[in-house]
Colleague: 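Sharing a structure below in C-alpha cells format, with a few things to ask.
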Amino acid sequence: MSVFFPSLEEQLDLITKGAAEILPLEALKERITRSISTGVPMRIKAGFDPTAPDLHLGHTVLIRKLRHFQQLGHVVIFLIGDSTALIGDPTGRNVTRKPLTREEIAANAETYKEQVFKILDPVLTEVRYNSEWLDTLGYYDMVKLMAQFTVSQMLEREDFHKRFNEEQPIALHELIYPIAQGYDSVALKCDVELGGTDQKFNLMRGRDLQKHFGQPQQSILMMPIIEGLDGVQKMSKSLGNAIGIKESPAEMYGKLMSISDELMWKYWVFLTDLRGSEIEQMKADVASGALHPMLAKKNLARVITADFHSEELAEVAAESWATQFQQRGVSEDVPVVRVSWDEDGLVDVLGDLGGGVRMAKLLHFAGLAASTGEATRKIAENAVSINGEKISSRIVSKHQLGDSPILRLGKKSVRVEWVG
RNA sequence: GCACAGGUGGCCGAGCGGUUAAUGGCAGCAGACUGUAAAUCUGCCACUCUUCGAGUUACGGAGGUUCGAAUCCUCCCCUGUGCACCA
C-alpha cells in the first residue's frame, strides 16, 4: 500500500512538539524521507504494561504522540506488555514490584484498549501483545538474548545502580525487563519507539538487540514525565496524584482545578492540542494581568474534560464545581450514597433526642471518613456540614437531617439516601 | 553453609528495660487566609465504645526472662555485605 505523506518539515514539526529528546534525530529524518519517497509508512511503537486497570493523563502524553504519527499516516502499534507485566518495569523503583497474576493482567489489558481509543483511531491502530513472542521464546533463545548483555551494563541503569549501592534487593528477573522490552522492538521491526525520558535505558536496549539481529536500529523519541496533582512527583496512581481517563467529568474537572498555577502550563503543553505559540500567548496574558490565572485554569479543565467526555458534560462539571468550591455552596451534582437506618450504632436510642443520629457513624458509613474516630475529630475541627450548615454536635436529630441530606466533610460531599 | 550488619506506624528515620500509640521529617486530612490553587499559620493524623473517660491492637514471626520489653534471651523468616561452596 502506498500513502501520501506530508513533507519532512511538516512531519518533524508535529513529531518534535513537546519531545524531550530524539535519538538519533538524523536517522529519523532519513527514515521519514525514505517513507515519503517509497510510500511505505514507518512503524511506531509504544508499550504499556497492564499493571493497573486504569490509564491516567500521564499515559496520554505518550498516546497523544502516537496519534501524531497516526495523523501523519504512519503505522502505530499500541503494544500491551502482558508478558513484561509479569516482571513489572523496575524503572524508577526502589523496590521489586508485587507480581500480578495472568488473570489480573488480562483483565487490565482489556480495559486499556477501550481507554486508548478515546485518543487513537481504532481502525488505524495495530494492537499487539508481547506474550505473542515472549511466551514462546524458549530457554535457548532466552539465554542467547541475555548473553548480549553484562551485569555491569545492567547496573549502569540508575535505579539498579542505586539499589545496588544502597544494599537494597534486586531480584534477578528484574534485570530481564529491559531485555524483554528491547526484544519487542525486534519482533515488531520498529522504526521508532516512544517512551518517557525515564525509559531511555530500556529504549536503547531495543537498538542493541536490533543490531544484533541485523535489523535497522530504531530511533527513540522520549516524552517528558508529567507531574501529578501535587506538582512534584510524577503522575502515578500508586502515588495518589493521578487523574484517570475513566474518571467522571466532575472528578476530572475538580482535580484539574486543584493543580498549581505553575503546573497548569505543562498540562496545556502535554495534554491539549493547543499549539505552542497559543500557549505562550496565554502565558504572556496571565503575566501581564490581562488574563486571570484562574480563568486560564478553568479553560484547561474544561478542554481536557471535554476531550474525554463531551463539551456538555464538561460544562455541567464546571458549573457544579463553581457552586461547590467557589461559592462554597451546596451543589446538586453530588455522588449519592445509600445508608440504612439499621447500620450498627447509627441511631442513638438512649439519647434525649429520641433516635438521634450519631454523625461520626454516619460520616463513616457515607464514606467521607476512614473511621468513626476520624469523623469525630473532623466534627471537632468544624469541618462538617449538613446541607451547607456547619455542625458541631455529635448527635443530630433525624428531623434536622431530613430525607436526603447533603453531607460535607472538607472538600468532599455526598448526598445520603436512606434505605430501609 | 559461616560471619557481620539490618528488619519500627503510608514512607524515611529516632528510641535500645519502665513517664507515652511510641521523638523528628515527608506525605495526607481539616481550619484560617486566597483566585480553586500555591505559599504561610494552626489543629489532626492505630482502631473501637455510651469519648473532657475507657478498652483493644501495634515496633519481621513465635516463644521466654522480668512487676514491666520495640528495647534482654532462644528459635524461625526476610534483606544486604564478606567468606566459603562450585572435586
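Chain identifiers are assigned alphabetically (A, B, ...) following the order of the sequence lines, protein sequences preceding nucleic acid strands; residue numbering begins at 1 within each chain. Remember, predicted model here, so these are calculated numbers, not experimental data.
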Colleague: Just N and O in the side chain of A:R408: are any of them under 4.0 Å from OP1 or OP2 of B:G31?
Modeller: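 Result: no.
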Colleague: Distances for protein N/O vs nucleotides 27-29 of chain B N/O pairs under 3.5 angstrom?
Modeller:
| residue | atom | partner | partner atom | Å |
| --- | --- | --- | --- | --- |
| B:C29 | O2' | A:K378 | NZ | 3.3 |
| B:C29 | O2 | A:K378 | NZ | 3.0 |

Colleague: Name every residue in residues 286-302 of chain A that has at least one heavy atom under 4.0 Å from any atom of RNA chain B, in order of residue number, or write none if there are no such residues.
Modeller: A:H292, A:P293, A:M294, A:K297
Colleague: Do NZ/NE/NH1/NH2 and the carboxylate oxygens of A:E374 and A:R377 come within less than 4.0 Å?
Modeller: no
Colleague: Which is true for A:N382 with a 4.0 Å heavy-atom rule: it touches a base, it touches only sugar-phosphate, or it touches nothing?
Modeller: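 Touches sugar-phosphate only.
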Colleague: Measuring from the side chain of A:R377 (C-beta onward, heavy atoms only), which nucleotide among B:U48, B:C45, B:A38 has the closest atom?
Modeller: B:C45
Colleague: Where the side chain of A:A383 is defined as all heavy atoms beyond and including C-beta, which of B:C45, B:G31, B:U51 is the nearest nucleotide?
Modeller: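 From the listed options, B:G31 comes nearest.
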Colleague: Which part of the nucleic acid, if any, lies within contact of A:T376, taking any heavy atom under 4.0 Å across all strands shown: a base, the sugar-phosphate backbone alone, or nothing?
Modeller: base
Colleague: Is the closest basic N to carboxylate O distance between A:E104 and A:R102 below 4.0 Å?
Modeller: no
Colleague: What interatomic distance, in whole Å, is found between C1' of B:C86 and the corresponding atom of B:C12?
Modeller: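 Each nucleotide's C1' atom is 40 Å from the other's.
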Colleague: Run the salt-bridge test on A:R207 and A:E193 with the 4.0 Å N-O cut-off and return the result as yes or no.
Modeller: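 No, A:R207 and A:E193 are not salt-bridged.
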Colleague: Measure the acute angle between the ring planes of A:H59 and A:Y112, then classify it against the limits of 30° and 60° as parallel, tilted or perpendicular.
Modeller: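 A:H59 vs A:Y112 ring planes: tilted.
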Colleague: Examine the side chains of A:R408 and A:S385 and answer whether a donor and an acceptor come within less than 3.5 Å of each other.
Modeller: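 A:R408 vs A:S385: no donor-acceptor pair found between side chains.
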Colleague: Heavy atoms from C-beta onward define the side chain here; which of B:U48, B:C45, B:A37 lies closest to that of A:D261?
Modeller: B:A37
Colleague: How is A:S258 classified with respect to the nucleic acid when contacts are heavy atoms under 4.0 Å: base, sugar-phosphate, or nothing?
Modeller: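 Answer is base: heavy atoms of A:S258 come under 4.0 Å of a base.
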Colleague: Starting from Watson-Crick (N1-N3 plus N6-O4 or O6-N4) and G-U wobble pairs under 3.5 Å, report the runs of at least three that RNA chain B belongs to.
Modeller: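 Ordered by first number, the stems with RNA chain B (at least 3 consecutive pairs each) read B:1-7 with B:77-83, B:10-12 with B:24-26, B:28-32 with B:40-44, B:46-49 with B:53-56, B:60-64 with B:72-76.
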